[in-house]
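The structure appears below as structure tokens.
Fair warning: this is a prediction, and the values are worked out from it, not measured in the lab.
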Amino acid sequence: MHPFIACLAAAATAAALLTAPSAHARGGDDRSSPPVQLGPRPFFLVDDMRDGPLKRELKRCAKRGAFTPRDFSIGHRGAAMQFPEHTLESYVAAARMGAGIVECDVTFTKDKELVCRHAQNDLHTTTNILVTPLAAKCTKPFTPATFDAAGNLVTPASAECRTSDITLAEFKTLRGKMDAFNPRARTPQEYLGGTANWRTDLYAGPTSGTLLSHKESIELFKRVGVKMTPELKYPVVPMPFDGFTQEAYAQKLIDEYKAAGVPPRHVWPQSFHQPDVLYWVNHEPAYGRQAVYLDDASTPADLPTLQDLQRYRAQGIRIVAPPIFALLTTDATGRIVPSTYARNAKMAGLDIITWTIERSGILADGNNGFYYQTFDSAIQREGDMMQVLDVLAREVGILGIFSDWPATTTFYANCAGLR
């Protein structure tokens, strides 16, 4: 038996509760699906909320006892808060938690096969490649950290290993790990550490972390009954790569869904590179109708204007996906409210997906970074995450949100009556 088929069979057995009469009926289209497994976290967050109408609503909902998958809940790289991202185990965990849609970030190998990785050049932080013979093929070999006489770090440890350095067969021999590195590492083994203290390496053992090709992710997603949102990652290698053009890369992604018989309504192809999105809109209109243009703004000043958003819509783009901070701000009373960008996107006739929740660690300690930068003053406790979701869903009107722990968004979507 092919190793992937064996893994898929094992995952299917372990995920028996996920199977339903019609696999693609899940994700909000069919409420006959078996209950999902939320675990304690959503209920912890509700208990931690300030008293008020939303908390009372969610407390009543928590007594429901059975929850179903929702498209509003998108598994960001699977369930990456605790499982190594873009692995079979992470994807199955996301489906178990009721993510109606799961993401495979797509890049390519030396032999131009599509695989699930967040970046073409992240193997040194997301896999065990540096402690395998394949380390010899990395673009930049491991370089240990250097220190001064007092033990202060002078230069951090470094490496760069790309999917394009190795073939698909070689890629499949690697094991996924939590995305992290130890800048003080003196050895490749030490470099594999560095996992944030609010995450865990518990699910990154030597028998887990199963890497997948894009084709394999499609088959897994079909099996566990989730819809799909592949992100075409922009290459770090010059294009064309050995004759492989950017357009051929974008087309190959769609072709693999066609070959697998996945209907366009179950796929949301996405990219930060606008020409990719427009390629799908113009050359694959059935799939391009749900193509998502990701916004890479780092600060509010980087966000597009109303005129920019109107131009996107005129070009045929229907869905934009900015980071959470782009959609929220605070009013004079300190309440979280929709931002100018959020109002402009709706005015331009665009639907909105956003990213990423459950990715910022402990919220109550303040200084919550990138995702919360425009409304961090309103975040005082872990339970405030539910208020963020509520404003995004009910006031901004997003279609869905990427989450590193989909149980939270699945719970909220069930309680709010979202698809």
Side-chain angles (χ1 to χ4, degrees), residues 2 4-5 7-9 11-12 15 18-30 32-33 68-78 86-88 90-92 94-96 98-108 112-117 168 210-233 247-271 276-277 279-294 316 318-319 321 351 353 399-400 402 406 419:
H2 188 280
F4 171 71
I5 299 300
C7 285
L8 188 55
L18 297 176
T19 57
S22 173
H24 282 300
R26 297 186 69 244
D29 294 337
D30 182 353
S32 65
S33 299
T68 56
R70 305 286 162 139
D71 287 355
F72 180 86
S73 180
I74 306 171
H76 183 236
R77 315 182 200 178
H86 294 307
T87 61
L88 181 149
S90 186
Y91 292 151
V92 168
R96 280 199 174 111
I101 304 169
V102 178
E103 177 190 44
C104 165
D105 288 328
V106 178
T107 185
F108 58 83
K112 298 184 283 291
E113 293 294 331
L114 304 186
V115 295
C116 299
R117 283 293 92 196
L168 174 61
T210 308
L211 303 191
L212 301 179
S213 70
H214 179 236
K215 289 179 183 177
E216 290 170 340
S217 78
I218 294 171
E219 292 308 311
L220 175 65
F221 294 163
K222 288 169 63 178
R223 178 75 185 199
V224 299
V226 298
K227 298 172 187 176
M228 311 170 197
T229 185
E231 181 190 334
L232 197 74
K233 305 303 295 190
E247 293 77 14
Y249 177 32
Q251 184 63 53
K252 185 167 184 170
L253 179 143
I254 299 299
D255 287 345
E256 293 193 349
Y257 288 96
K258 289 181 171 180
V262 181
R265 68 182 181 278
H266 293 149
V267 183
W268 285 262
Q270 37 168 350
S271 179
D276 293 338
V277 179
Y279 177 88
W280 296 322
V281 166
N282 295 318
H283 293 86
E284 291 289 350
Y287 289 88
R289 184 177 182 83
Q290 292 192 156
V292 180
Y293 182 30
L294 294 156
R318 295 170 179 264
I319 307 173
D351 285 323
I353 293 170
L399 295 179
F402 285 87
R419 288 184 65 253

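- Rounding to the nearest 0.5 Å places OG of S271 at 13.5 Å from OH of Y279.
- In this structure, V115 and L211 have side chains that are not in contact, with every pair of non-hydrogen atoms separated by 4.5 Å or more.
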Applying side-chain contact (heavy atoms from CB on, under 4.5 Å) to K227 and R265, what does each step give before you reach the verdict?
CA-CA 9 Å; K227 298 172 187 176; R265 68 182 181 278; over 6 Å; no
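- Evaluation of the ring-ring contact (aromatic ring centres under 6.0 Å, His included) rule for Y287 yields no partner, not counting sequence neighbours.
- Checking side-chain atoms of E231 against main-chain N and O of Q270 turns up no donor-acceptor pair under 3.5 Å.
- Of all heavy-atom pairs between G400 and I74, the closest is C-CD1, 4.1 Å.
- Minimum heavy-atom separation, V267 to Q290: O-NE2, 2.9 Å.
- Here the closest non-hydrogen pair linking V224 and A95 is CG2-CB, 3.9 Å.
- For A321, the side-chain contact (heavy atoms from CB on, under 4.5 Å) partners are V292, L294, I353, W355, not counting sequence neighbours.
- The minimum heavy-atom distance linking C116 with S213 is given by the pair SG-O, 3.9 Å.
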Run the side-chain contact (heavy atoms from CB on, under 4.5 Å) check on R117 and K233 step by step: do they pass?
CA-CA 9 Å; R117 283 293 92 196; K233 305 303 295 190; over 6 Å; no
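- Put simply, NZ on K215 and CG on D255 are 10.0 Å apart, with the number rounded to the nearest 0.5 Å.
- For E256, the salt bridge (charged side-chain N to carboxylate O under 4.0 Å, His left out) test picks out no residue, with sequence neighbours left out.
- Contact record, I101 with D71: CD1-O, 3.6 Å, taken as the closest heavy-atom pair.
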Can you check side-chain contact (heavy atoms from CB on, under 4.5 Å) on W280 and L232, steps first, answer last?
CA-CA 11 Å; W280 296 322; L232 197 74; 3.9 Å; yes
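- For V106 against P230, the heavy-atom pair with the smallest separation is CG2-CB, 4.0 Å.
- Residues passing the salt bridge (charged side-chain N to carboxylate O under 4.0 Å, His left out) test with R77 are E85, sequence neighbours excluded.
- Residues satisfying the side-chain contact (heavy atoms from CB on, under 4.5 Å) test with S73, not counting sequence neighbours, are A99, P406, T409, T410.
- Applying the ring-ring contact (aromatic ring centres under 6.0 Å, His included) criterion to Y249, with sequence neighbours excluded, gives F108, F244.
- One distance of note links CD of E284 with CD of Q251; it measures 4.5 Å at 0.5 Å rounding.
- Between H214 atom NE2 and K252 atom NZ the span is 11.0 Å, to the nearest 0.5 Å.
- For the pair F221/V262, no side-chain contact is recorded, criterion being any heavy-atom separation below 4.5 Å from C-beta on.
- The distance from atom CG of L212 to atom CD1 of I218, rounded to the nearest 0.5 Å, is 11.0 Å.
- Atom CH2 of W268 sits about 12.5 Å away from atom CZ of R289, to the nearest 0.5 Å.
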